[in-house]
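Below is one structure, written out as structure tokens; comments come after it.
Values reported hereafter were calculated over all heavy atoms of this structure, with side chains retained and with hydrogens, waters and symmetry mates removed.
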Amino acid sequence: MRLTSEFFVAATIRRAELGGAFAALRRRGSAQSGTVFVVVDRLDGTCILYGPAPQSLYEGGDSERAFTRLHKEAVLSRDVAEARLEKEIRFDPDVWILEIEARDGQAFLDRIL
């Protein structure tokens with residue numbers, strides 16, 4: 001059974017805080033099934049943007065949430081990441097945006113494909 005978006009985001013915030021990072025919910029989407037995007041702010045003007053991995057990458061019908069980096073570069077400028085998030089919001093207004101501040105770029109996500 002897949003966790004609701006609301007529960008998943010709350011658990012990820014808690015995990016980040018226990019790991020010594022600051023995490024905050026920037027945008028609340030649909031509680032049950034909103035798409036979750038994670039912005040990892042490296043506190044140097046760059047960030048890493050994660051979004052849901054394509055379902056074709058899931059092995060064996062696994063219902064666990066998996067994420068992928070949404071850019072080829074190692075990091076993005078903040079402006080580029082914000083522009084991408086604005087496009088995602090226009091496409092689906094029910095998205096969640098979680099922001100984590102971590103100089104080392106740690107996302108605190110279980111599965112990154």
Side-chain angles (χ1 to χ4, degrees):
M1 184 167 125
R2 188 174 179 158
L3 299 175
T4 65
S5 297
E6 184 173 38
F7 186 87
F8 175 81
V9 168
T12 304
I13 289 172
R14 181 75 173 144
R15 175 185 280 173
E17 290 173 346
L18 289 173
F22 174 78
L25 178 61
R26 277 186 40 193
R27 181 180 176 90
R28 179 179 299 275
S30 170
Q32 295 299 314
S33 61
T35 303
V36 178
F37 291 91
V38 178
V39 179
V40 179
D41 186 341
R42 297 178 48 90
L43 302 173
D44 63 358
T46 64
C47 60
I48 304 168
L49 180 59
Y50 294 97
Q55 287 186 338
S56 61
L57 296 178
Y58 287 68
E59 297 173 6
D62 191 354
S63 63
E64 187 179 342
R65 289 181 189 263
F67 290 83
T68 187
R69 191 174 64 197
L70 298 178
H71 46 90
K72 292 181 182 178
E73 306 83 5
V75 294
L76 290 177
S77 72
R78 193 64 197 207
D79 294 337
V80 172
E82 292 301 324
R84 172 68 188 261
L85 289 171
E86 286 176 21
K87 283 177 56 176
E88 296 293 346
I89 292 168
R90 282 195 305 272
F91 178 74
D92 179 8
D94 283 335
V95 301
W96 292 74
I97 300 175
L98 173 61
E99 184 146 349
I100 300 171
E101 292 181 351
R103 289 187 195 282
D104 63 0
Q106 186 172 352
F108 300 94
L109 299 170
D110 284 335
R111 293 187 56 189
I112 299 175
L113 305 176

Checklist entry - What closest approach, in Å, do Thr68 and Pro54 show between heavy atoms, and which atom pair accounts for it? => result CG2-CD, 4.3 Å
Checklist entry - If you measure from NE2 on His71 to OH on Tyr50, what distance do you get to the nearest 0.5 Å? => result 7.0 Å
Checklist entry - Measuring from Leu85:CG to Glu99:CD, what's the distance to the nearest 0.5 Å? => result 9.0 Å
Checklist entry - Would a 4.5 Å heavy-atom cut-off, applied to side chains only, mark Arg111 and Phe67 as touching? => result no
Next on the checklist: Hydrophobic clusters here meaning ILVMFWY residues chained together by side-chain heavy-atom distances under 4.5 Å, can you tell me if Val38 and Ile89 are in one?
Outcome noted: no
Next on the checklist: Membership question, hydrophobic clusters at under 4.5 Å side-chain separation (ILVMFWY): are Val9 and Ile97 in the same one?
Outcome noted: no
Checklist entry - Does CZ in Arg26 sit with more than 12 non-hydrogen atoms of other residues, nucleotides or ligands closer than 6.0 Å? => result yes
Item to check | Closest heavy-atom pair and its distance - Ala24, Ile13 | outcome: C-CD1, 4.4 Å
Checklist entry - Which residue pairs pass the salt bridge (Lys or Arg N to Asp or Glu O under 4.0 Å) test with at least one member in residues 30-50, sequence neighbours excluded? => result Asp41-Arg78
Next on the checklist: For a 4.5 angstrom cut-off between non-hydrogen side-chain atoms, does Arg84 reach Val39?
Outcome noted: no
Checklist entry - Taking side chain as C-beta onward, heavy atoms only, is Thr12 less than 4.5 Å from Val36? => result no
Checklist entry - Under 4.5 Å between any side-chain heavy atoms of Ser5 and Arg28, yes or no? => result no
Checklist entry - For the atom pair CG (Leu25) and CD (Glu6), what is the distance rounded to the nearest 0.5 Å? => result 9.5 Å
Checklist entry - Are the side chain of Arg65 and the backbone of Leu3 linked by a donor-acceptor contact shorter than 3.5 Å? => result yes
Next on the checklist: If you compare all heavy atoms of Phe37 against all heavy atoms of Pro52, which two are closest, and at what distance to 0.1 Å?
Outcome noted: CE2-CD, 4.0 Å
Item to check | Connected via hydrophobic side-chain network under 4.5 Å: Ile48 and Ile112 | outcome: yes
Checklist entry - How far does CG of Leu109 sit from CG of Leu98, to the nearest 0.5 angstrom? => result 8.0 Å
Checklist entry - Hey, what do you get for SG (Cys47) to CD1 (Ile100), rounding to the nearest 0.5 Å? => result 12.0 Å
Next on the checklist: Applying a strict under-4.5 Å side-chain criterion to I, L, V, M, F, W and Y, I'd like to know whether Phe8 and Trp96 cluster together.
Outcome noted: yes
Next on the checklist: Let me confirm one number: the CD-CZ distance from Glu17 to Phe108, rounded to the nearest 0.5 Å.
Outcome noted: 10.0 Å
Checklist entry - With the 4.5 Å side-chain cut-off for hydrophobic clustering, are Leu49 and Val95 part of the same group? => result yes
